[in-house]
Amino acid sequence: MDGYQNQADDTWEVAGHRFRSRLVVGTGRYKSLEETAAAIEASGAEMVTVAVRRVNLSDSSAPMLQDFVDPKRYTYLPNTAGCHTAQDAVRTLRLAREAGGWNLVKLEVLGPPPFLYPDMPATFEAAQALIRDGFQVMVYCADDPLAAKRLEEMGCVAVMPLGAPIGSGMGLTNPFMLRSIIEQAKVPVLVDAGIGTASEAAAAMELGCDAVLLNSAIAHAKDPVRMAQAMKAAVEAGRHAHLAGRMPRNYNADPSSPLSGLIR
Amino acid sequence: MADSIEITINGETRIIQNPATVADLLATLSLDTRKVAVERNLEIVPRSAYGATTLAAGDTLEIVHFIGGG
């Protein structure tokens, strides 16, 4: 990045897909599909996560997500939410691939409540099975530099460590480890889960991650559309700050105004 | 040949006419084939094969679509 005019070129790429927006949003927990569509539009996101579930056989005329969030406009990233084994994750994403016709997926294999912390042994097993089956796997993982590196080496196309437990809104609980993961990664790093408000999204971007993924912070805000706008601005601000390079921290004051030329 | 067979769809037991293909079933259920995916006895049924896949008694189907998720 060498100047304001080149900012339009500041894109990121995962598995051959190029994106300008560094905000990836979930489509869950909204009051209605109309609100989902409005918030996603306001967020400027180009990629959205979606879940795969049984159709409602008793009401097949119920509106579907695709009618409100157009898969031709947004890159759908099907997730494995609710899957607790590698086998369930592979079955779910094979169905997603058939429904949508794409290979890019979000793998998440979670441990039990109350933390829903990533189950890393099961995540490794599922990642291996999915990669073998031809999927391009973006993987939700622990804020553990060794685990993230191993997932990258297995062939995951992006690693997505948590900021804090899913839906907790606790922000970045371990920025040092997130930074360690970012520093050593050769694939995109997305901070996924835990972001509660705009300043936390900006802080994640300042750490140098490629993008952030969030859902509840927008969907559970009092005004989701306004929070979506805030998140869009925050992610852009955090990215600019990261590229601009923050000033060093200093325990002593350093006056901004010259000390010479004072009147006597 | 029996006029009807029993199959399981999304965990529910259903009696359907016989013979019927996956395409027939989706039409009966008024489901848009472009927005769903079908698994039959743990195997994906490709969209291109809906018309040629005849359902058999005891089949277990999962019919899924995309919904909001994080």
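Residue numbering restarts at 1 for every chain, and letters A, B, ... go by the order of the sequence lines. Keep in mind it's a predicted model, so treat the numbers as computed, not measured.
- The CD atom of A:Gln87 lies 10.0 Å from the OG1 atom of A:Thr92; values are rounded to the nearest 0.5 Å.
- Using a 4.5 Å heavy-atom cut-off against chain B, no residue of residues 29-46 of chain A qualifies as contacting.
- For the salt bridge (Lys or Arg N to Asp or Glu O under 4.0 Å) test, residues two or more places apart in sequence or in another chain that qualify with B:Arg14 are B:Glu12.
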Exercise for the section: Show the numbers, then the answer: is there a side-chain contact (heavy atoms from CB on, under 4.5 Å) between B:Leu61 and B:Ile7? Expected result: CA-CA 8 Å; B:Leu61 301 186; B:Ile7 64 171; 4.2 Å; yes
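- For a residue to count as touching a neighbouring chain, one of its non-hydrogen atoms must lie under 4.5 Å from one of that chain's; by this rule A:Asp67 touches chain B with the side chain only.
- Taken to the nearest 0.5 Å, the CD1 atom of A:Ile166 stands 10.0 Å off from the CG atom of A:Asn215.
- Heavy atoms of A:Ala219 lying under 4.5 Å from chain B are absent altogether.
- Of all the heavy atoms in A:Leu162 and A:Pro165, the pair that sits closest is CD1-N, 3.8 Å.
- With a 4.5 angstrom heavy-atom cutoff, B:Leu29 touches chain A via backbone and side-chain atoms both.
- The most heavy-atom pairs under 4.5 Å with chain B, out of A:Ala193, A:Ser216, A:Ala51, come from A:Ala51.
- For A:Tyr76, the part lying under 4.5 angstrom from a heavy atom of chain B is the side chain only.
- Under the side chain to side chain contact (heavy atoms under 4.5 Å, CB included) rule, A:Met160 has a single partner from A:Leu190, A:Val191, A:Val212, which is A:Leu190.
- Of all the listed residues (A:Pro78, A:Gly82, A:Pro71, A:Ala96), the one sharing the greatest number of non-hydrogen pairs under 4.5 Å with chain B is A:Ala96.
- The number of heavy atoms from other shown groups lying within 6.0 Å of CE (A:Met64) is above 12.
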Practice task
Take A:Val137 and A:Val157, measure what side-chain contact (heavy atoms from CB on, under 4.5 Å) needs, and give me the verdict at the end.
Solution key: CA-CA 6 Å; A:Val137 180; A:Val157 296; 5.6 Å; no
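- Of the listed residues (A:Lys106, A:Glu108, A:Arg53), the greatest number of heavy-atom pairs within a distance under 4.5 Å of chain B belongs to A:Arg53.
- With chain B as partner, the option from A:Thr27, A:Leu77, A:Leu214 having the largest number of non-hydrogen pairs under 4.5 angstrom is A:Thr27.
- With no hydrogens or angles considered, a side-chain donor-acceptor pair links B:Asp59 and B:Asn41 at under 3.5 Å.
- A cation-pi geometry, defined here as NZ or CZ lying under 6.0 Å from the six-membered ring centre and within 45° of its normal, does not hold between B:Lys35 and B:Phe66.
- Interface summary for chain B: among A:Asp192, A:Val52, A:Val25, the most heavy-atom pairs under 4.5 angstrom belong to A:Val52.
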